Structure formats: structure tokens, C-alpha cells
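Here the structure comes first, spelled out in C-alpha cells, and everything after it is commentary.
It should be emphasised that the depicted structure is a prediction, and the values quoted were computed from it without experimental measurement. For the single chain, residues carry numbers from 1 onward in sequence order.
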Amino acid sequence: MTLRVWLKRDSGQYWPSIYHTMSSPCTALRYHHESRKIFVGQDTGAIVEFLISDDFNKMNFIKTYPAHQSRVTEVIYSPGTEWVISTGHDKCVTWMCTQSGTQIGRHSFASWASCLQYDEDTKYAFVGDFSGQITLLKLEQNSCSVISTLKGHEGSISCLYWDPVQRYLFSGSSDHSIILWDIGGRQGRTLILQGHHDKVQGLTYVQLTRQLVSCSADGGICVWNMDIDREEAPQWLESDSCQKCSQPFFWNIKQMWDTKTVGLRQHHCRKCGQAVCGKCSSKRSSYPIMGFEFQVRVCDSCYETIKDEDRTPLATFHEGKHNICYMTMDVSRGLMVTCGTDRLVKIWDMTPAVGCSLATGFSPR
């Protein structure tokens with residue numbers, strides 16, 4: 001239960017400079033480099049603010065914010081409004097004044113609030129929760145308004161990333177998928193990216209190279225090429241019978257009785273979205289332009305339209321070699337940090353010339 005500052009020595013190794021013992025386990029962390037402020041969310045629901053000295057050899061306690069009634073899941077510092085915005089397992093998002101330490105506003109959800117992003121210019125907050133829903137809020141002094149809710153994941157929302165330039169919102173989920181929500185396009189466009197085998201734990205969009213970097217709990221690191229015109233995955237169609245061979249599905253009692261046939265199980269083609277039976281969708285194929293980097297079910301007719309060049313990967317995959325529970329990235333320096341359940345911190349060189357290479361690692365034990 002300690003907060004530690006690690007400094008890179010001339011040898012290239014990282015050594016602990018200072019540390020502070022916390023009263024309860026730390027569950028969220030936010031560092032603002034320009035002001036050298038650190039905000040630490042705790043298991044008790046409190047957020048503790050510290051100020052780091054110029055030489056990074058001293059850490060001064062500033063104040064404690066009584067933000068939540070249970071575990072803090074995300075903390076964001078807004079220097080423009082001087083707010084500390086946070087989400088927690090008490091199913092709330094709160095925003096508090098850094099000058100007075102008092103609560104400015106609070107909004108409740110039906111599920112645990114798991115992650116948070118904030119747009120400084122519009123004062124929009126994006127809150128992901130354990131039900132798989134993302135809520136877009138407009139934060140004001142003492143109040144807020146719900147602008148929209150985004151639904152697309154089948155599992156809980158585990159991470160969010162907001163790009164204010166393209167006005168893209170990226171969401172990662174326990175359903176192993178990533179969704180790009182084109183907020184700025186105002187046309188409801190969504191792109192699904194499936195390239196992980198486990199819960200997506202971290203996301204960062206690199207504006208300069210038009211790449212999305214994602215990490216998953218099994219240690220997978222994926223770099224997605226977003227500088228292409230991707231296809232939007234179709235909505236799944238519903239039908240009482242196969243839309244290819246017209247055989248009834250098992251709940252279509254009338255057609256089964258009329259044709260004296262046994263009902264079949266319903267599947268969906270990932271390329272066209274049609275409801276099909278197993279016999280009419282016996283093929284599997286990757287289709288990266290639609291976000292499917294792994295082989296997925298497609299109907300036989302769609303399979304015939306997919307050419308070999310259509311299967312060319314649009315993402316690169318790397319092995320983190322530890323179970324990643326947190327990821328963050330300094331885009332300006334091209335460095336990514338991953339923290340694992342093995343209590344190792346790894347720093348990765350993500351510059352375009354290198355791609356994804358482990359620069360160093362250390363254990364904060």
C-alpha cells in the first residue's frame with residue numbers, strides 16, 4: 001500500500017526515489033506533469049492529492065477528497081476547471097473542486113462505474129460501466145445532463161480512450177472486443193475490432209501514426225492500423241428460418257410441423273449479418289477490413305467473395321509476457337508502460353522505427 005516515484009539513473013535502470021505509505025490499497029492513479037500533481041484513488045473511496053518537488057525527491061501531501069463510498073476505479077484531473085473527476089464501485093461519477101476539496105456534482109448509474117474519459121473543451125465525460133454501457137454526460141457546476149448512451153459490448157467496459165482531435169471514442173471490454181465510436185461524425189458510425197483473446201485492459205490512439213494500441217489481460221499487445229477506410233460490421237438480422245436455404249430454426253414450430261423437419265440452430269454471418277444455419281455457414285475466415293483479425297463464421301456465399309488479399313492483417317501482434325492489468329502511454333516520447341499481475345512494470349519503445357520493443361522493466365516489490 002505504497003505510492004512510489006521511480007527515477008531513471010545514468011545506467012538506464014530505474015530506482016525508487018521516494019515513497020509514501022497509503023492508508024488503504026491504491027486502485028487508481030493520475031499524474032499531471034505540468035503541475036506535478038498526483039491523485040491517488042483508494043479502495044476506501046477516498047482520493048489523495050500529492051505534489052512532487054521539482055527534483056522529484058520530495059512528495060508533499062495536499063488534501064484528501066471524500067469522493068466515493070467504495071473503491072475508486074478512475075481519476076482524471078482537469079486543470080482548466082480545477083476539477084478532480086472520478087468513478088467508483090458506488091455506481092457514481094463525482095467531480096470535486098481542487099481548491100476547496102468539496103464536491104461539485106455527482107451522478108449515479110445502475111451499475112459499477114468502471115472507467116472514465118473527459119473532454120476539456122466541451123466538459124463531456126464518458127463513463128463506462130459493468131453492464132457494458134457507456135454514458136455521455138455534460139458536466140456543469142452542481143449538475144449534469146445525460147447526452148447519450150452507447151450500447152454495443154456484450155461484456156463490462158474495462159477501458160476507454162478519447163481522442164479530442166478526431167473525436168473518436170475507443171472502448172475495450174471483457175468481451176475481448178474494441179469498438180470505435182465516431183462521436184465527431186454524428187452519424188452513429190461504429191467499428192468493431194476483434195484481435196484479443198482476453199479482456200482488453202488498456203487503449204491509446206496515436207494521432208501522428210493513426211494507430212491504436214491495445215493491451216489485454218493475457219499479455220497480448222496489438223497495434224491497429226487505423227489509417228485506412230474500414231468497413232462497418234453489419235447489424236445481425238433476425239429470422240425464423242435460414243436466410244440461405246429457408247430451413248426452419250428450432251423455435252419455428254409451425255414450419256417444422258408443416259415441412260416435417262427438425263429445427264436448426266441459428267448462426268450469423270459476420271460479413272453480411274444474415275441469419276443462417278450451420279450447413280450454410282460451414283466456412284471460417286478472417287476479414288481485417290471489418291476488424292476481424294481472427295477467423296470468424298461467414299456464410300458460404302460470403303466466403304466465396306473474400307479474396308486472399310482481403311485476409312491481409314491490418315494489425316500487428318506482440319507478446320507482453322506478463323498478464324497486463326494496466327497500460328498507459330506517453331505518446332510524445334513513444335513510450336508505453338504496462339503493469340502486470342506479476343508485479344512487474346515494463347516500459348516499451350513504441351516509436352515507428354522500432355514498432356513494439358521492450359525497453360526496460362523493473363519490479364516495485
Lys/Arg N to Asp/Glu carboxylate O, [X] vs [Y], below 4.0 Å:
X: K123; Y: D119; answer: no
X: D310; Y: K307; answer: no
X: R30; Y: E74; answer: yes

Donor-acceptor side-chain pairing of [X] and [Y] below 3.5 angstrom:
X: H153; Y: S171; result: yes
X: H322; Y: D342; result: yes
X: S214; Y: H196; result: yes
X: T27; Y: R71; result: no
X: E120; Y: S78; result: yes
X: N57; Y: S17; result: yes
X: T149; Y: T135; result: no
X: S131; Y: Q133; result: no
X: R9; Y: S11; result: no
X: T316; Y: H318; result: yes
X: S216; Y: Q201; result: no
X: S174; Y: S156; result: yes
X: T73; Y: T87; result: yes

Counting N and O atoms only, with roles assigned by atom type, does the side chain of [X] sit under 3.5 Å from a partner on the main chain of [Y], one being a donor and the other an acceptor?
X: S158; Y: V200; answer: yes
X: R106; Y: A67; answer: yes
X: S173; Y: D175; answer: yes
X: W95; Y: Q141; answer: no

message: Does the Lys NZ or Arg CZ of K8 fall within the cation-pi geometry relative to W6 - under 6.0 Å from the ring centre and within 45° of the axis?
response: no
- prompt: For F292, is the NZ or CZ atom of R230 found under 6.0 angstrom from the centre of its six-membered ring and inside 45 degrees of the ring axis?
  reply: no
So do the side chains of [X] and [Y] get within less than 4.5 Å of each other, counting heavy atoms only?
X: T204; Y: M327; result: yes
X: L180; Y: L193; result: no
X: V345; Y: V337; result: yes
X: M336; Y: V213; result: yes
X: M59; Y: L3; result: yes
X: F50; Y: H20; result: yes

- request: Kindly compute the distance separating CG (L150) from CH2 (W181), expressed to the nearest 0.5 Å.
  value: 5.0 Å
statement: Rounded to the nearest 0.5 angstrom, the CD1-CG distance for I38 and L51 is 9.0 Å
- request: Go through the steps to decide whether Y161 and Q117 satisfy the test side chain to side chain donor-acceptor pair (under 3.5 Å), and finish with yes or no.
  value: CA-CA 6 Å; Y161 187 86; Q117 286 287 278; over 6 Å; no
field: Counterpart residues, salt bridge (charged side-chain N to carboxylate O under 4.0 Å, His left out), relative to R36 (two or more places apart)
entry: D54
Could you label the plane-to-plane angle of the [X] and [Y] rings as parallel, tilted or perpendicular, counting under 30° as parallel and over 60° as perpendicular?
X: W224; Y: F317; result: perpendicular
X: H107; Y: F109; result: perpendicular
X: H33; Y: F56; result: parallel

- request: Let me see the working for H268 and Q266 under side chain to side chain contact (heavy atoms under 4.5 Å, CB included), right down to the final yes or no.
  value: CA-CA 7 Å; H268 285 91; Q266 184 190 66; 3.4 Å; yes
task: Quick one: closest heavy-atom pair of G219 and E319, and the distance?
output: O-OE2, 3.6 Å
- prompt: Considering all heavy atoms of both residues, which atom of S281 and which atom of H267 are nearest to each other, and what is their separation?
  reply: OG-CB, 4.2 Å
field: In one Ile/Leu/Val/Met/Phe/Trp/Tyr side-chain cluster, 4.5 Å: W348, V223
entry: yes
message: So if I apply the side chain to side chain donor-acceptor pair (under 3.5 Å) rule between Q255 and each of D258, N252, T259, which one comes out positive?
response: N252
query: Stepwise, does the ring-ring contact (aromatic ring centres under 6.0 Å, His included) test hold for W112 with F130?
result: CA-CA 5 Å; W112 284 353; F130 271 71; 5.1 Å; yes
- request: Flag the pair Y118 / F126 as yes when their ring centroid distance falls below 6.0 Å, and as no otherwise.
  value: no
- request: Please step through ring-ring contact (aromatic ring centres under 6.0 Å, His included) for the pair Y287 and F294, ending with a clear verdict.
  value: CA-CA 8 Å; Y287 197 52; F294 300 146; over 10 Å; no
